[in-house]
Amino acid sequence: MATPHNVPASKFIERLAKYLKENVDEVQPLSWTSVAKTGIHVEKQPQNPDWWYVRSASVLRKVYIHGPIGIEDLRSDYGGRKNRGSKPDAVKKAGGSNIRKILQQLETAGLVVTSRPEGRKMSPKGRKLLQEIAGDITREMIKTVPELKKYQGD
């Protein structure tokens with residue numbers, strides 16, 4: 001059985017973002033997302049108009065792989081280096097508002113659940129969705145590179 005562990009993250013996130021945009025009505029960009037930065041370490045807002053769906057897909061994948069996971073851990077994962085001019089760069093966390101709102105939307109959609117005090121973890125519905133998408137990607141990869149069939153496992 002294919003899981004998000006077994007497929008390339010970039011292909012998986014791209015496919016999941018497309019699925020979330022087209023099929024999950026609860027995941028919608030908020031009014032402020034067109035002008036918001038994702039953290040103190042970046043200079044501009046994201047240039048991709050669909051960045052909300054890409055970030056939602058990435059967060060959902062991280063909850064699957066590392067869950068249960070909290071907002072502070074996700075802020076650290078999405079953070080980066082802050083250019084401070086002539087002073088040395090410093091590591092800064094990402095903004096928490098967009099991550100929190102994405103998790104709330106995914107919870108409303110029934111893809112993640114809150115597990116106190118650990119954080120968020122996958123719901124059975126979310127786990128099934130991610131495994132189906134990973135399976136589709138695996139089948140496509142096997143069609144292009146038949147040698148990968150021996151790693152499929154089923």
Side-chain angles (χ1 to χ4, degrees), residues 1-39 41-42 44-80 92-116 118-154:
M1 173 175 59
T3 65
H5 295 280
N6 308 106
V7 295
S10 59
K11 287 184 180 182
F12 182 78
I13 290 171
E14 180 183 326
R15 181 79 53 90
L16 183 56
K18 183 178 176 189
Y19 179 87
L20 291 174
K21 183 176 182 178
E22 294 171 356
N23 299 321
V24 181
D25 295 331
E26 292 86 353
V27 178
Q28 293 292 325
L30 303 174
S31 60
W32 50 263
T33 58
S34 62
V35 295
K37 298 189 329 177
T38 57
H41 64 286
V42 293
K44 295 188 210 175
Q45 66 269 23
Q47 300 302 305
N48 181 356
D50 292 334
W51 75 270
W52 188 263
Y53 301 105
V54 175
R55 180 60 58 98
S56 298
S58 177
V59 166
L60 194 55
R61 180 180 176 275
K62 282 189 181 287
V63 170
Y64 181 93
I65 291 176
H66 302 293
I69 189 169
I71 292 174
E72 286 299 313
D73 292 330
L74 291 169
R75 286 184 66 199
S76 297
D77 288 347
Y78 291 112
K92 298 292 182 182
K93 289 184 178 180
S97 179
N98 58 18
I99 295 171
R100 187 177 317 104
K101 298 297 183 192
I102 285 170
L103 284 170
Q104 289 170 354
Q105 289 181 352
L106 293 172
E107 199 167 349
T108 303
L111 301 175
V112 297
V113 293
T114 302
S115 173
R116 300 223 185 259
E118 298 95 8
R120 304 298 203 301
K121 63 181 182 178
M122 294 300 296
S123 70
K125 177 182 174 185
R127 186 170 299 278
K128 180 181 177 190
L129 170 67
L130 269 58
Q131 289 173 349
E132 286 174 358
I133 291 175
D136 293 343
I137 293 171
T138 302
R139 283 187 286 281
E140 288 175 9
M141 289 172 48
I142 288 172
K143 286 180 183 174
T144 58
V145 183
E147 292 83 19
L148 293 175
K149 182 152 180 66
K150 65 182 176 182
Y151 299 110
Q152 187 177 13
D154 53 21

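Between Y19 and L130 the shortest side-chain heavy-atom distance does not fall below 4.5 Å.
Taking the charged nitrogens against the carboxylate oxygens, E140 and K143 have no contact shorter than 4.0 Å, which rules out a salt bridge.
Sorted by first and then second residue, the side chain to side chain donor-acceptor pair (under 3.5 Å) pairs with a member in residues 1-13 read T3-N6; sequence neighbours excluded.
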(message) Under the criterion side-chain contact (heavy atoms from CB on, under 4.5 Å), I'd like the reasoning laid out for V112 against K121: C-alpha separation, chi angles, the key distance, then a yes or no.
(response) CA-CA 6 Å; V112 297; K121 63 181 182 178; over 6 Å; no

(request) Evaluate side-chain contact (heavy atoms from CB on, under 4.5 Å) for L111 paired with L20, printing each intermediate quantity in order. (result) CA-CA 11 Å; L111 301 175; L20 291 174; 4.1 Å; yes

(request) Give the C-alpha distance, both sets of side-chain angles, the deciding distance and a yes or no for side-chain contact (heavy atoms from CB on, under 4.5 Å) between L30 and K101. (result) CA-CA 9 Å; L30 303 174; K101 298 297 183 192; 3.8 Å; yes

(message) Please evaluate residues V63 and L103 with respect to the criterion side-chain contact (heavy atoms from CB on, under 4.5 Å), reporting the C-alpha separation (whole Å), side-chain torsions for both, the decisive distance (0.1 Å), and the verdict.
(response) CA-CA 10 Å; V63 170; L103 284 170; 4.2 Å; yes

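K37 places no side-chain N or O within 3.5 Å of a backbone atom of G95 that could act as its donor or acceptor partner.
Of the inter-residue distances, the one linking I69 atom CD1 with S115 atom OG reads 12.5 Å to the nearest 0.5 angstrom. Expressed to the nearest 0.5 Å, how far CG of L16 lies from CD1 of I133 amounts to 4.5 Å. Rounding to the nearest 0.5 angstrom, the gap separating the NZ atom in K93 from the CG atom in D77 is 10.5 Å. To the nearest 0.5 Å, the span separating CD on Q104 from OG1 on T108 amounts to 7.5 Å. Here CD1 of I102 is found 11.5 Å from CZ of R100. Values are rounded to the nearest 0.5 Å. Interatomic distance, I99 CD1 to R75 CZ, rounded to the nearest 0.5 Å: 7.5 Å.
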Output a table of donor-acceptor pairs, distance under 3.5 Å, between side-chain atoms of residues 50-61 and any protein atom two or more places apart or on a different chain; print 'none' if there are none.
{"unit_1": "D50", "atom_1": "OD1", "unit_2": "K21", "atom_2": "NZ", "d": "3.0"}
{"unit_1": "D50", "atom_1": "OD2", "unit_2": "K21", "atom_2": "NZ", "d": "2.9"}
{"unit_1": "W51", "atom_1": "NE1", "unit_2": "T33", "atom_2": "O", "d": "3.2"}
{"unit_1": "W52", "atom_1": "NE1", "unit_2": "Q28", "atom_2": "O", "d": "3.3"}
{"unit_1": "W52", "atom_1": "NE1", "unit_2": "Q105", "atom_2": "OE1", "d": "3.0"}
{"unit_1": "Y53", "atom_1": "OH", "unit_2": "Q28", "atom_2": "OE1", "d": "3.4"}
{"unit_1": "S56", "atom_1": "OG", "unit_2": "W52", "atom_2": "O", "d": "2.7"}
{"unit_1": "S58", "atom_1": "OG", "unit_2": "Y78", "atom_2": "OH", "d": "2.6"}

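Counting non-hydrogen atoms of other residues, nucleotides and ligands closer than 6.0 Å to CD of Q131 gives a total above 12.
What you find for G110 and S123 is that their closest heavy atoms are O-OG, 2.5 Å. Contact record, A134 with P4: CB-N, 3.8 Å, taken as the closest heavy-atom pair. Heavy-atom minimum distance, P46 versus A36: CD-O, 3.5 Å. Nearest heavy atom pair, residue R139 against residue E132, reads NH2-O, 4.4 Å.
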